[in-house]
Amino acid sequence: MILYPAIDLKDGQCVRLLHGDMDKATVFGDDPAAQAAKFEAAGCEWVHLVDLNGAFAGEPVNAAAVEAILARIKVPAQLGGGIRDMATIERWLDKGLSRVILGTVAVENPDLVREAAKAFPGKVAVGIDARNGRVATKGWAEETDVIVTDLAKSFEDAGVAAIIYTDIMRDGAMGGPNIEATEALARAVSIPVIASGGVSSLPDLVALRDTGVIAGAISGRAIYDGALDLGAALTALKG
């Protein structure tokens with residue numbers, strides 16, 4: 001299982017939100033590229049990036065910070081937030097991003113996900129953000145009637161590289177991930193599932209790993225707070 005350390009970008013800074021609320025942001029640093037370099041130096045195989053402003057605006061907002069990160073590190077990076085058309089997807093992949101994450105557009109324009117996944121094999125992931133089992137869009141600001149598993153299954157034959165599943169009520173709250181729901185989703189589809197939201201300790205990571213079906217886990221606040229020792233986590237997941 002791969003650990004994806006998260007860099008959430010708001011106004012060019014590294015932040016973490018509580019339950020996805022932009023008004024409840026904690027700033028962890030003003031040099032995202034330096035933070036990404038630290039993750040790489042620690043031995044991380046990937047870096048997970050989120051353009052929070054972009055998720056609300058529907059277009060990239062923190063592009064300068066993302067480009068600085070891509071220029072600084074050699075390990076692959078994936079990015080979500082405000083990527084809602086083919087031109088933006090192509091632009092980011094051309095700039096060296098290894099994977100784009102499509103969230104809102106996966107609900108509103110699933111054909112774009114299929115088109116992108118076909119055009120860029122292995123480089124398109126779907127971000128499914130859930131509140132009480134239903135999908136939320138537009139930076140989690142809007143709730144839909146779409147059931148998480150139904151949305152995931154609809155992309156089974158699309159060639160999607162991964163599904164990033166976030167339980168919004170667990171995100172940034174340091175209360176542990178929703179292992180049961182994440183495992184159920186991973187067992188329901190053949191697409192690799194990456195867990196996000198609430199991963200706050202080594203036992204959380206081990207529990208996700210021990211399901212045997214979860215491909216990765218994203219953690220942010222726990223790493224910045226020191227609740228999750230990055231070195232110990234990487235060692236445990238390789239063991």
Side-chain angles (χ1 to χ4, degrees), residues 1-6 8 17-20 45-46 48 50 55 78 80-81 99-108 110 113-114 117 122 124-223 227-228 233 236-237 239:
M1 193 176 82
I2 296 172
L3 174 62
Y4 295 77
D8 289 4
L17 307 185
L18 179 62
H19 302 323
E45 299 171 55
W46 275 83
H48 174 78
V50 182
Q78 60 185 19
R99 191 187 283 162
V100 294
I101 303 163
L102 305 180
T104 296
V105 79
V107 177
E108 298 183 349
V113 175
R114 296 176 178 280
V124 175
V126 170
I128 300 182
D129 305 327
R131 193 181 274 115
N132 301 318
R134 298 184 185 274
V135 179
T137 60
K138 295 185 171 65
W140 304 348
E142 292 188 15
E143 291 191 34
T144 71
D145 291 325
V146 180
I147 303 293
V148 168
T149 320
D150 292 346
L151 181 62
K153 284 183 174 175
S154 72
F155 293 114
E156 276 279 34
D157 59 348
V160 169
I163 287 172
I164 292 156
Y165 173 67
T166 305
D167 186 308
I168 294 168
M169 297 316 291
R170 305 292 183 109
D171 192 71
M174 299 289 287
N178 190 333
I179 295 170
E180 190 179 348
T182 310
E183 180 180 359
L185 178 62
R187 292 192 186 282
V189 295
S190 59
I191 306 164
V193 171
I194 298 169
S196 174
V199 180
S200 54
S201 68
L202 191 53
D204 288 344
L205 282 176
V206 171
L208 288 167
R209 181 199 68 191
D210 287 352
T211 63
V213 290
I214 296 169
I218 293 165
S219 185
R221 179 180 289 272
I223 296 173
L228 180 62
L237 295 183

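The structure presented is a predicted model; accordingly, all values stated were derived computationally and were not measured.
Residues satisfying the side-chain contact (heavy atoms from CB on, under 4.5 Å) criterion with A233, sequence neighbours excluded, are L3, L202, L205, L228. For D129, the salt bridge (charged side-chain N to carboxylate O under 4.0 Å, His left out) test picks out no residue, with sequence neighbours left out. Partners of A158 according to the side-chain contact (heavy atoms from CB on, under 4.5 Å) rule, which considers only residues two or more places apart in sequence or in another chain, are R114, F155, V160. Every residue meeting the side-chain contact (heavy atoms from CB on, under 4.5 Å) condition with P5, not counting sequence neighbours, appears here in chain and number order: F39, C44, I223. Applying the ring-ring contact (aromatic ring centres under 6.0 Å, His included) rule to Y165 yields no partners; only residues at least two apart in sequence or on another chain are considered. In this view, D210 satisfies the salt bridge (charged side-chain N to carboxylate O under 4.0 Å, His left out) rule with no residue, not counting sequence neighbours. Judged as a salt bridge (charged side-chain N to carboxylate O under 4.0 Å, His left out), and not counting sequence neighbours, E45 has no contacts. Not a single salt bridge (charged side-chain N to carboxylate O under 4.0 Å, His left out) links R99 to another residue, sequence neighbours left out.
Each of V135, V107, I101 was scored for a side-chain contact (heavy atoms from CB on, under 4.5 Å) with I128, with one residue passing: V135.
A side chain to side chain donor-acceptor pair (under 3.5 Å) check over residues 141-155, counting only residues at least two apart or in different chains, returns the pairs R131-E143.
Ring pair W46/Y4 is tilted by interplanar angle, where 30° to 60° counts as tilted.
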Considering only distance and modelled atom types, tabulate donor-acceptor pairs under 3.5 Å from the side chains of residues 187-197, sequence neighbours left out.
residue : atom : partner : partner atom : Å
R187    : NE   : E183    : OE2          : 3.0
R187    : NH2  : E183    : OE2          : 2.9
R187    : NH2  : T211    : O            : 3.2
S190    : OG   : E156    : OE1          : 2.6
S196    : OG   : T166    : OG1          : 3.2

